[in-house]
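For clarity, every value in this text was computed on a predicted model and none was experimentally measured.
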Amino acid sequence: MQQLPYPIVTHTDFPGLKLHSRGKVRDMYEIGDDMLLIVTTDRMSAFDVIMGEPIPWKGVILNQLTLFWMNRFSHLVPNHIIESDAEKFPEILAPYREQLRGRSVLVRKAQPLKAECIVRGYLSGSGWKSYKKTGTLCGYTLPEGLLESSRLPEVLFTPSTKGELGTHDENISVEQMKEIVGEEHAVRASQLALQMYREAAAYAAERGIIIADTKFEFGLIGGEIILIDEVLTPDSSRFWPADQYEPGHAQPSFDKQYLRDWLETQPWDKKAPAPALPEIVSRTTAEKYQAAYTLLTGKSLGK
């Protein structure tokens, strides 16, 4: 694996800064009254459990890919980014610049919508399990005879609840989402999510990647919906190599599915602590993330 000009960061602790929250992957700090510093670490979670070992430079890839997509979608929806260059961060962050480079952003504080906006173009994961049992996917009735990894007849918007750290998200109907976030915001979020997925899927297809499904998150600032959190990364999406696509089974991927598949072979109850990751699993996962970044952006990490 290539050596990159970034340190591996699994945990941050910045004296003098107020910790806003620490999630499975991201540490967030308050910068004044209206800004947050988001640091995307190299922590890896699977089945809602944080692994004991990092995936090298994963946080840089997630952060840089999110910035790439947010820039591409800026004609559709504003986002919360204020600054992504650590050299231009406020002086209070100067002592931590080495840890922050490439993996952090300053953002406007937003009120997150209490629903995750999932878009599915292919039948995989929990959607495939649901279809096998009931012939439906998140309330949508699907045609008979679809295979695992089949392309869906139409792209579907399938929202879910936002589970707290250590809990699982649950699929909900669009009507339930309207009850949670309000009809206007639910309709706007679903329209944006579908439009962004279609644009991203067309772009990725030209670069040899199928985006099987993905998750978007939105927030509110002054009543306006904006794009927040991560966007179309290997953590929040299924990326498949188009030249190996073959319905009827699970697909090779550029995302964390490789790690999930390895974990499924372990005698583990999917509760913390997770099994220790062999070096080959960490390295291969990192290489898959880097490959996705390079294919989608045309750049090598660190350049």
Does a side-chain heavy-atom distance below 4.5 Å link L142 with L123? yes
Who passes side chain to side chain contact (heavy atoms under 4.5 Å, CB included) against P143, sequence neighbours left out? L146, P153
Nearest 0.5 Å please: distance from the SG atom of C117 over to the CE atom of M196. 8.0 Å
For F73 and W69, take the angle between the two ring planes, folded into 0 to 90°, and tell me which bin it lands in: parallel under 30, tilted 30 to 60, perpendicular over 60. parallel
Cluster link L295 to I210, ILVMFWY, side chain under 4.5 Å: yes
Please test I228 against F218 for side-chain contact (heavy atoms from CB on, under 4.5 Å), starting from the C-alpha separation and ending with a verdict. CA-CA 5 Å; I228 64 171; F218 298 98; 5.5 Å; no
Honestly curious: do L232 and Y293 fall in one hydrophobic cluster under the side-chain, below-4.5 Å linking rule? yes
Could you go through V281 and L263, starting from their C-alpha distance and side-chain angles, then the distance that decides it, and tell me whether this counts as side-chain contact (heavy atoms from CB on, under 4.5 Å)? CA-CA 10 Å; V281 172; L263 288 167; over 6 Å; no
dist R260:CZ -> S253:OG (nearest 0.5 Å) comes out at 8.0 Å
Note: Y6 and L301 closest approach over all heavy atoms is CE1-CG, 4.5 Å
For L19 and R22, work out which heavy atoms get closest and say how close. CD2-NH2, 3.5 Å
Interatomic distance, F254 atom CZ to T294 atom OG1 [nearest 0.5 angstrom]: 10.0 Å
Could you give the side-chain donor-acceptor pairs of residues 179-194 under 3.5 Å, partners two or more places apart or in another chain?
| unit_1 | atom_1 | unit_2 | atom_2 | d |
| --- | --- | --- | --- | --- |
| S190 | OG | A186 | O | 3.2 |
| S190 | OG | V187 | O | 2.8 |

Any luck finding a side-chain donor-acceptor pair between D235 and Y289 under 3.5 Å? yes
Could you list the donor-acceptor pairs under 3.5 angstrom formed by side chains in residues 30-43, with sequence neighbours left out?
| unit_1 | atom_1 | unit_2 | atom_2 | d |
| --- | --- | --- | --- | --- |
| T41 | OG1 | V25 | O | 2.6 |
| T41 | OG1 | R43 | N | 3.1 |
| D42 | OD1 | W57 | N | 3.4 |
| D42 | OD1 | K58 | N | 3.0 |
| D42 | OD1 | G59 | N | 2.8 |
| D42 | OD1 | R103 | NH1 | 3.1 |
| D42 | OD1 | R103 | NH2 | 3.4 |
| D42 | OD2 | V9 | N | 2.9 |
| D42 | OD2 | R103 | NH2 | 2.9 |
| R43 | NE | K24 | O | 3.0 |
| R43 | NH1 | T10 | O | 3.0 |
| R43 | NH1 | D27 | OD1 | 3.3 |
| R43 | NH2 | G23 | O | 3.0 |
| R43 | NH2 | V25 | O | 3.4 |
| R43 | NH2 | D27 | OD1 | 2.8 |

Any side chain to side chain donor-acceptor pair (under 3.5 Å) pairs touching residues 197-217, not counting sequence neighbours? H75-E199, K162-E217, Y203-R207, D213-R238, T214-S237
Does atom CD of Q266 have more than 12 heavy-atom neighbours, drawn from other residues, nucleotides or ligands, at distances under 6.0 Å? yes
Close side-chain approach of Q99 and T12, heavy atoms under 4.5 Å: yes
Does any pair with a residue in residues 76-90 pass side chain to side chain donor-acceptor pair (under 3.5 Å), and if so which ones, sequence neighbours excluded? none
Which residue pairs pass the ring-ring contact (aromatic ring centres under 6.0 Å, His included) test when at least one of the two sits in residues 132-158, sequence neighbours left out? none
Report yes if some heavy atom in the side chain of P54 is under 4.5 Å from a heavy atom in the side chain of M44; otherwise report no. no
Do K270 and E264 have side-chain heavy atoms sitting under 4.5 Å apart? yes
Is there a path of hydrophobic side-chain contacts, each under 4.5 Å between heavy atoms of I/L/V/M/F/W/Y residues, joining I172 to F216? yes
Please list, chain by chain and in numerical order, all residues satisfying side chain to side chain contact (heavy atoms under 4.5 Å, CB included) with Q244, sequence neighbours excluded. P241, P252
pair L17-Y96: side-chain heavy atoms closer than 4.5 Å: yes
Please determine whether side-chain contact (heavy atoms from CB on, under 4.5 Å) holds for the pair L65 and V231, giving the CA-CA distance in whole Å, both sets of side-chain angles, and the decisive distance to 0.1 Å. CA-CA 7 Å; L65 263 181; V231 182; over 6 Å; no
Is the side chain of W262 donor-acceptor paired with the backbone N or O of T265 at a distance under 3.5 Å, no angle test? no
Group every Ile, Leu, Val, Met, Phe, Trp and Tyr by side-chain heavy-atom contacts under 4.5 Å, then state whether L106 and I226 land in the same group. no
Distance-minimising heavy-atom pair for N171 and S126: ND2-OG, 4.4 Å
Could you give all pairs that pass the side chain to side chain donor-acceptor pair (under 3.5 Å) test and reach residues 145-160, with sequence neighbours left out? R120-T158, S149-Q251
In this structure, are over 12 heavy atoms from other groups packed under 6.0 Å from E98 atom CD? yes
Please round to the nearest 0.5 Å and tell me the distance separating atom OG1 of T284 and atom CG of L259. 10.5 Å
Would you say T233 and E230 are linked by a side-chain donor-acceptor pair, where the criterion is simply a distance under 3.5 Å? yes
Can you measure from CG (L137) to CG (L152) and round to the nearest 0.5 angstrom? 6.5 Å
So, taking the atom named OG1 in T285 and the one named CD1 in I280, what distance separates them when rounded to the nearest 0.5 Å? 9.5 Å
Residues in ring pair (Phe, Tyr, Trp, His ring centres under 6.0 Å) contact with Y122, at least two apart in sequence or another chain: W240, Y245
Taking the side chain as everything from C-beta on, heavy atoms only, tell me whether S45 gets closer than 4.5 Å to K256. yes
Taking the six-membered ring where the residue is Trp, are the ring centres of F14 and Y29 under 6.0 Å apart? yes
Side chain to side chain contact (heavy atoms under 4.5 Å, CB included) with A205: which residues, sequence neighbours excluded? none
Non-neighbouring partners of E91 that pass side chain to side chain donor-acceptor pair (under 3.5 Å), sequence neighbours left out: none
Taking all non-hydrogen atoms of both residues into account, name the closest pair between P112 and A110 and its distance. CD-O, 3.2 Å
Which atoms form the tightest heavy-atom contact between A86 and R97, and what is the distance? O-NE, 3.3 Å
Kindly work out whether a path of hydrophobic side-chain contacts (I/L/V/M/F/W/Y, heavy atoms less than 4.5 Å apart) joins L76 to L67. yes
Quick one: list whatever passes side chain to side chain contact (heavy atoms under 4.5 Å, CB included) with T141, sequence neighbours left out. T136
